[in-house]
Amino acid sequence: MPELPEVETTLRGISPHILGKKITGVTIRQPRLRWPVPAELAELLVGKTVKAARRRGKYLLLDVGVGHSLIHLGMSGSLRIIAADEPPLFHDHFDLVFGKQALRYCDPRRFGCLLWIDGEPESHSLLAGLGPEPLTDGFTGDYLFERSRKRTQAIKQFIMDSKIVVGVGNIYANEALFMSGIKPIRKAGSLTRKNCQDLADNIRFVLARSIEQGGTTLRDFVGGDGKPGYFKQSLLVYGRGGEPCTRCKKLLKEVRMNDRTTVYCVTCQK
Ligand SMILES: [Zn+2]
């Protein structure tokens, strides 16, 4: 599933090809994504220039002056830059055409979306309740500490809640908790201020490192038929249940929490 680092890498990969460029065509082959692609979208976008492109959580926002186009990659979506006349494959659901190039969206499971936002994107229902970006100054240990007081929810679920902080997916939650020595099932409200500072630092670290590693795949966003933006990472716990802990060599424990794979070390994480 595309997580925040993949979405950020996608943004960086496609931006040079669409910024300041005029949309000359919109082709919707499959409007039934997670939410229907608005019928009037082509009319709204054609002839407009992409003035800015940014990410909020795992949403991509293309500012065309009179409004924004919002794209989410869902469970299996990807975007790449192709020659506009390249024949589409079965799961290539829409193209935004920029002259001879196009931004093509592929999504086998169709959980992604392409929507239109009038006015301020931050007040749109999908974005309004989102917590701070983990890689900005608004996300700190003190913030986590204040928000987690009296919360009995498990800390792992707490940091994966986009109302608390956006973009901390399952892999990153597992990794950051291990690096912080915090057991995923521990009550959020029981964390000390120091715990929260470590956790905030490590969340930032794992996300930033992943974006950095994704940077080496940027060329994959242009041409080819590869799946861009999903990169292998060196992980300490995720995907390593039953294998030895890198610190103490005890076998890592794997459990399901909220239907998500959770891996931790019973010795190193308190
Ligand atoms: Zn250990």
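Note that the numbering runs from 1 along the sequence shown for the chain.
- Not one N or O on the side chain of Ser162 forms a donor-acceptor pair closer than 3.5 Å with the backbone of Leu130.
- At a threshold of 4.5 Å between non-hydrogen side-chain atoms, the residues Ile155 and Ile159 count as touching.
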Distance-only criterion, 3.5 Å: show the donor-acceptor pairs between side-chain atoms of residues 31-38 and protein atoms not counting sequence neighbours.
{"unit_1": "Arg32", "atom_1": "NE", "unit_2": "Gln30", "atom_2": "OE1", "d": "3.4"}

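- With Leu191 as the partner, the side-chain contact (heavy atoms from CB on, under 4.5 Å) test is satisfied by one option alone out of Gln197, Arg151, Arg149: Arg149.
- Hydrophobic clustering, with ILVMFWY side chains joined whenever heavy atoms are under 4.5 angstrom apart, groups Val206 together with Leu4.
- Side-chain atoms of Gln269 do not come within 3.5 Å of backbone N or O of Val266 as any donor-acceptor pair.
- Criterion: ILVMFWY side-chain heavy atoms under 4.5 Å apart, direct or through other members. Under it, Leu41 and Ile71 are part of a common hydrophobic cluster.
- Two different hydrophobic clusters hold Leu115 and Val64 under the rule that ILVMFWY side chains link at heavy-atom gaps under 4.5 Å.
- With hydrogens and angles ignored, the 3.5 Å screen pairs a side-chain donor or acceptor of Thr262 with a backbone N or O of Arg260.
- Electrostatic pairing of Arg56 and Glu133 counts as a salt bridge here, judged by a charged N lying under 4.0 Å from a carboxylate O.
- Every residue two or more places apart in sequence or in another chain that forms a side chain to side chain donor-acceptor pair (under 3.5 Å) with Arg256 is listed here: Asp259, Thr261.
- Nearest heavy atoms, Val166 versus Gly131: CG1-O, 3.5 Å.
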Passes side-chain contact (heavy atoms from CB on, under 4.5 Å), Tyr59 versus Leu126? Steps please.
CA-CA 9 Å; Tyr59 296 94; Leu126 289 171; 3.6 Å; yes

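- In this structure, a donor-acceptor pair under 3.5 Å is present between the side chains of Tyr105 and Asp107.
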Let me see the working for Leu61 and Ile117 under side-chain contact (heavy atoms from CB on, under 4.5 Å), right down to the final yes or no.
CA-CA 9 Å; Leu61 288 160; Ile117 301 181; 4.0 Å; yes

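- Under a hydrophobic-cluster definition in which Ile, Leu, Val, Met, Phe, Trp and Tyr are linked whenever side-chain heavy atoms come within less than 4.5 Å, directly or via other members, Met160 and Leu199 are assigned to different clusters.
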Does Lys194 form a side-chain contact (heavy atoms from CB on, under 4.5 Å) with Asp198? I'd like the steps, not just the answer.
CA-CA 6 Å; Lys194 173 75 167 63; Asp198 290 345; 2.9 Å; yes

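- Every pair passing side-chain hydrogen bond (donor to acceptor under 3.5 Å, both in side chains) that includes a residue from residues 178-187 is listed here, sequence neighbours excluded: Ser180-Asn202, Arg186-Ser190, Arg186-Asn195.
- Cys196 SG to Asp142 CG: the interatomic distance, rounded to the nearest 0.5 Å, is 8.5 Å.
- Contact check on Glu243 versus Lys249 returns no salt bridge, with no Lys/Arg side-chain nitrogen under 4.0 Å from an Asp/Glu carboxylate oxygen.
- Scanning both residues, Cys265 and Cys245, for their nearest heavy atoms gives SG-SG, 3.8 Å.
- In plain terms, the two heavy atoms of Arg204 and Thr136 that are nearest each other are NH1-O, 3.1 Å.
- Donor-acceptor pairing under 3.5 Å is recorded for the side chains of Lys156 and Asn170.
- The CD atom of Glu6 sits 5.5 Å away from atom OG of Ser210, with the distance rounded to the nearest 0.5 Å.
- When the shell of 6.0 Å around NZ of Lys253 is examined, it contains 12 or fewer heavy atoms from other residues, nucleotides or ligands.
- With rounding to the nearest 0.5 angstrom, the CD1 atom of Ile211 is 5.0 Å from the CD atom of Glu8.
- Annotation: side chain of Pro88 is in contact with side chain of Arg104 (closest heavy-atom distance under 4.5 Å).
- Atoms CD and CD1, from Gln153 and Ile164 in turn, are 7.5 Å apart once rounded to the nearest 0.5 Å.
- Glu175 is listed as a side-chain neighbour of Leu235, based on a closest heavy-atom distance under 4.5 Å.
- Judged purely by atom type and a 3.5 angstrom limit, Arg147 has no side-chain atom pairing as donor or acceptor with the backbone of Val165.
- Evaluation of the ring-ring contact (aromatic ring centres under 6.0 Å, His included) test over residues 114-162, restricted to residues two or more places apart or in two chains, returns none.
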For a side-chain contact (heavy atoms from CB on, under 4.5 Å) check, start with the C-alpha distance between Ile81 and Ile14, then their side-chain angles and the critical distance, and finish with the verdict.
CA-CA 7 Å; Ile81 302 290; Ile14 65 174; 4.3 Å; yes

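- Among residues two or more places apart in sequence or in another chain, the ring-ring contact (aromatic ring centres under 6.0 Å, His included) test is passed with Phe178 by none.
- Under the 4.5 Å side-chain heavy-atom criterion for grouping Ile, Leu, Val, Met, Phe, Trp and Tyr, Val255 is not connected to Ile182 through any hydrophobic cluster.
- Of all the heavy atoms in Lys22 and Phe98, the pair that sits closest is O-CD2, 3.5 Å.
- Between Val46 and Thr24, the closest side-chain pair of non-hydrogen atoms is not below 4.5 Å.
- Contact record, Arg247 with Cys268: CB-SG, 3.8 Å, taken as the closest heavy-atom pair.
- Scanning for side-chain contact (heavy atoms from CB on, under 4.5 Å) contacts around Thr27 gives Arg29, Asp95, Val97, with sequence neighbours left out.
- Inspection of the Lys21 and Thr49 side chains reveals no N or O donor paired with an N or O acceptor under 3.5 Å.
- Leu70 has its side chain out of reach of Leu62: every pair of non-hydrogen atoms, C-beta onward, lies at least 4.5 Å apart.
- Residues Tyr172 and Ile203 form no side-chain contact, since every pair of their non-hydrogen atoms from C-beta on lies 4.5 Å or further apart.
- Nearest heavy atoms, His68 versus Gly119: ND1-O, 4.0 Å.
- In this structure, CD1 in Ile185 is found 7.0 Å from CE in Met257, a value given to the nearest 0.5 Å.
- No side-chain heavy atom of His93 sits less than 4.5 Å from a side-chain heavy atom of Ile28.
- One finds the CG atom of Leu44 at 7.5 Å from the CG atom of Asp118 (value rounded to the nearest 0.5 Å).
- Considering only heavy atoms from C-beta on, Leu73 stays 4.5 Å or farther from Ser78 through its side chain.
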